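Basis for what follows: all heavy atoms, side chains included, without hydrogens, waters or symmetry-related copies. Everything quoted here is computed from the prediction, not taken from an experiment.
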Amino acid sequence: FSHGSVAFGPNGVLHLLFTTGPTTAGTTLAYGQCAGNCATGSSWTMATIEQSANAGLSMARLVVGTDGRVHALYETYEQGLTQTKYATCATNCTQPASWASTYLTHRFPGAWATYRSTPFVIDAQNRISFVVKYPSTGADVFLATCGGDCLTDANWQVGVASRGGS
């Protein structure tokens, strides 16, 4: 278990997202939910959202909207690049087929940007936001925000929050 995140949904259900591995089988992004008595393992329903043949899944973050939609943000390592990936599920989230995902890295300038160790938040209008650091300059910071259908690239807005550490 590593890089986990937990959030309550509007109906009191507890949601969990984390990565496992690396093992000889690679890494796994896992999701779970529990409606009560969550200190007992049998109270959790779990699902594998994504698997990678290498050590390529990490930095899992989770938020749940007032509408109950689950939003996930995580990193993959593919073809020598770290990629920021967004996934979401509206219902039946313990069923892997209920999840859809998209890559977000291309929304940021340069070939490599990361959100490592930065918050992933949601507001009362179900807008999600996270901070992205641009390491090739050493200090540029961007804010990525989406207000609806975040699987659609055009719905993401990315703005510069700070240039060069200022």
Applied to residues 26-41, the salt bridge (charged side-chain N to carboxylate O under 4.0 Å, His left out) test, sequence neighbours excluded, yields none
Quick note, salt bridge (charged side-chain N to carboxylate O under 4.0 Å, His left out) partners involving residues 39-53, not counting sequence neighbours, are Glu50-Lys85
If you measure from [atom1] on [X] to [atom2] on [Y], what distance do you get to the nearest 0.5 Å?
{"X": "Thr84", "Y": "Met59", "atom1": "OG1", "atom2": "CE", "answer": "11.0 Å"}
{"X": "Leu73", "Y": "Thr88", "atom1": "CG", "atom2": "OG1", "answer": "11.5 Å"}
{"X": "Leu29", "Y": "Ser52", "atom1": "CG", "atom2": "OG", "answer": "10.5 Å"}
{"X": "Ile128", "Y": "Arg61", "atom1": "CD1", "atom2": "CZ", "answer": "14.0 Å"}
{"X": "Ile49", "Y": "Tyr31", "atom1": "CD1", "atom2": "OH", "answer": "8.0 Å"}

Provide the closest heavy-atom pair for [X] versus [Y] in the form atom of the first, atom of the second, distance.
{"X": "Val63", "Y": "Phe120", "answer": "CG1-O, 3.2 Å"}
{"X": "Val6", "Y": "Leu14", "answer": "CG2-CD1, 3.3 Å"}
{"X": "Ala124", "Y": "Thr66", "answer": "O-OG1, 3.7 Å"}
{"X": "Thr76", "Y": "Tyr103", "answer": "OG1-CE2, 3.9 Å"}
{"X": "His15", "Y": "Gly9", "answer": "CD2-N, 3.7 Å"}
{"X": "Ala47", "Y": "Cys93", "answer": "CB-O, 4.3 Å"}

With [X], which residues qualify under side-chain hydrogen bond (donor to acceptor under 3.5 Å, both in side chains), at least two apart?
{"X": "Asp67", "value": "none"}
{"X": "Asp123", "value": "Arg127"}
{"X": "Ser42", "value": "none"}

Honestly curious: do Trp44 and Phe18 fall in one hydrophobic cluster under the side-chain, below-4.5 Å linking rule?
-> yes
>> Is there a continuous path of hydrophobic side-chain contacts, each under 4.5 Å between heavy atoms, that joins Val158 to Phe130?
In response: yes
Residue set satisfying side-chain contact (heavy atoms from CB on, under 4.5 Å) with Ala87, at least two apart, ordered chain then number -> Ala72, Tyr74, Trp99, Ser101
Residues at least two apart in sequence or cross-chain that pass side-chain contact (heavy atoms from CB on, under 4.5 Å) with Ser98, listed by chain then number, are Cys89, Asn92, Gln95
Could you tell me if the side chain of Val64 sits less than 4.5 Å from the side chain of Phe8, heavy atoms only? no
Side-chain donor/acceptor pairs under 3.5 Å, residues 144-152, sequence neighbours excluded:
| unit_1 | atom_1 | unit_2 | atom_2 | d |
| --- | --- | --- | --- | --- |
| Thr145 | OG1 | Ser129 | OG | 2.9 |
| Asp149 | OD2 | Thr152 | OG1 | 2.6 |

Quick check: does any side chain N or O of Ser43 sit under 3.5 Å from a backbone N or O of Cys34, one acting as donor and the other as acceptor? no
_side chain to side chain contact (heavy atoms under 4.5 Å, CB included) between His71 and Ile122, worked out_ = CA-CA 9 Å; His71 304 269; Ile122 192 164; 3.7 Å; yes
